[in-house]
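This report refers to the structure that appears directly beneath it.
Residue numbers begin at 1 in each chain, while the letters A, B, ... track the order of the sequences.
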2 protein chains.
Amino acid sequence: MTDDEWVPPQVLLAIDLVILTLRDNQLNVLLVQRGIEPYRGQLALPGGFLRDADERILAAAHRELFEEAGLHGDHLHLEQLAVYGDPGRDTRGRVVSVAYLAIAPGLPEPEAGTDASGACWCPVDQALSAAAQLAFDHRTILSDGVERARSKLEHTALATAFCGPTFTISELQQVYEAVWGVRIDPRNFYRKVQRSEGFIEPAGPVRKSDTGRPARLFRAGPRQVLNPPMTRSTDAEGTSR
Amino acid sequence: MTDDEWVPPQVLLAIDLVILTLRDNQLNVLLVQRGIEPYRGQLALPGGFLRDADERILAAAHRELFEEAGLHGDHLHLEQLAVYGDPGRDTRGRVVSVAYLAIAPGLPEPEAGTDASGACWCPVDQALSAAAQLAFDHRTILSDGVERARSKLEHTALATAFCGPTFTISELQQVYEAVWGVRIDPRNFYRKVQRSEGFIEPAGPVRKSDTGRPARLFRAGPRQVLNPPMTRSTDAEGTSR
DNA sequence: ACAATAGTGTCTGTGAGACATTATGCA
DNA sequence: TGCATAATGTCTCACAGACACTATTGT
């Protein structure tokens, strides 16, 4: 079409991870402090380049997930989020990054000393505030990831991925409250998740807590898409004209 | 981390387009017949490589949209779908493709003679049937694109993108019926879209048709996300255990 | 007994779906 | 007048949200 000698340009392929978890009833994201240029010393999402030309992209995401956070595949939700590839987003050349969204159950401090020179959980509110100054376009990526998680909570069973293998209903409720940033009536929530066919199923007897009546335990059910969905009261959306 | 001499591998970046429209009350997709290897002569989604290292990915999508289908940006919905980059999906090397979903109002036969040696609209049912044999992993991409369109119809105003600048309510209904493959009660549909704040707004007087009472015309409203959503009766989903 | 959380029951408003009815054009 | 489609009204059932109430633990 153009020159006979024209060949398409090549690009560097990177993976970025938005790893969300719940800590202390707050939605947290895993951030690392960059050890190399560009943006040396600044906070960034964990990630890296494709290792070699034969590595699958999803495999690279899993590899980075392990290298930078010490997490491996089991009990972990991992899904493609979007591609970010604007020219100039990385000074090292044309870098196209595939972002993945990972949801992990509540975890203690991350394993340090692997790849990243310092990884830490950070509340997303804080990471998204103007003061945080994430590297590259990672603020956009994080924002997209959080919005995706919020949305998927509505009509999929994603919420169970934030919990351990078994959980109580009020623990599940805390997931919704933390991710959506709203308060939910426990009685209505209880009925709703119970009725939602295949969402959760009974597991073991009860979990005793320090105070109050012990709660029954549940595990994630077989159904991934919820019917009916968990409508969050979306009272301020759309274009305000 | 590994060798001092290690450099990340480079890949070729491609764009693939899932261009959907409505023709004769059927959901159609634009396909081209490949003029070059690999998969020469087979049907494929329109697409191509990044032109140069400075081109934005979205710009490349718009460029291909024009080159291969003669469509340009106005009155056109275009959104990122996903990335497909498995090794071996293209024999020319490691090709990572960013798929875009485009929705166009009903259109006549596409402009031939630009880039693709023959482009044509094809009913999606037919394109997805086993007999079609699309090139590369384009069957998967098309399938993902259609599912995305179906899903977005529920809680966004995407349906209006299938229509012209003005449309009647029954035309809008035909969009839903065609994309979802269901029948909808016209009276209930009428009330529902009317009540949905900001979805559609009156435009001009009426459109006369060959038969029956003329219908009022509407245009797309300012609101993109619908509240309440247009629930399609999702009676068979999730994992059947 | 009391505090605290788990779990159940009841009421009310709203919307979805089924379907009758009226309105407005043309042959 | 008859036909076809547009537009509106009515009914019923199911569910969301509000909230009173009972149950079961520890102190």
- For B:F189 and B:Y176, what are the C-alpha separation, side-chain angles and deciding distance, and is it a ring-ring contact (aromatic ring centres under 6.0 Å, His included)? CA-CA 10 Å; B:F189 184 84; B:Y176 280 91; 5.6 Å; yes

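- Rounded to whole Å, the distance from CD1 on B:I184 to P on C:dG17 is 9 Å.
- In summary, of the residues considered (B:L17, B:I19, B:L20), a side chain to side chain contact (heavy atoms under 4.5 Å, CB included) with B:L30 occurs for B:I19 alone.
- Of the charged side-chain nitrogens involved, none lies within less than 4.0 Å of a carboxylate oxygen, so that A:E197 and A:R223 do not count as a salt-bridged pair.
- D:dC15 atom P lies 22 Å from atom CZ of A:R232, rounded to whole Å.
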Measure all distances between protein nitrogen or oxygen atoms and nitrogen or oxygen atoms of nucleotides 12-14 of chain C, and list the pairs falling under 3.5 Å.
none

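- Following rounding to the nearest Å, B:I200 (CD1) and D:dA7 (P) show an atom-to-atom distance of 10 Å.
- Looking at residues 213-220 of chain B, you'll see B:R213, B:P214, B:A215, B:R216 sit with a heavy atom under 4.0 Å from some atom of DNA chain D.
- When all heavy atoms of A:P105 and A:T21 are compared, the closest pair comes out as O-OG1, 2.9 Å.
- For the pair A:Y190 and C:dA6, the criterion of a side-chain N or O lying under 4.0 Å from OP1 or OP2 is not met.
- The residue B:S170 sits close only to the backbone: its heavy atoms come under 4.0 Å of sugar-phosphate atoms, none of a base.
- For the pair B:P229 and B:T211, both in contact range of DNA chain C, the more 5′-proximal nearest nucleotide belongs to B:P229.
- Look at A:K192 and you won't find any side-chain N or O under 4.0 angstrom from OP1 or OP2 of D:dC15.
- Map A:V206 and A:G212 each onto its nearest nucleotide of DNA chain C; the residue landing nearer the 5' end is A:G212.
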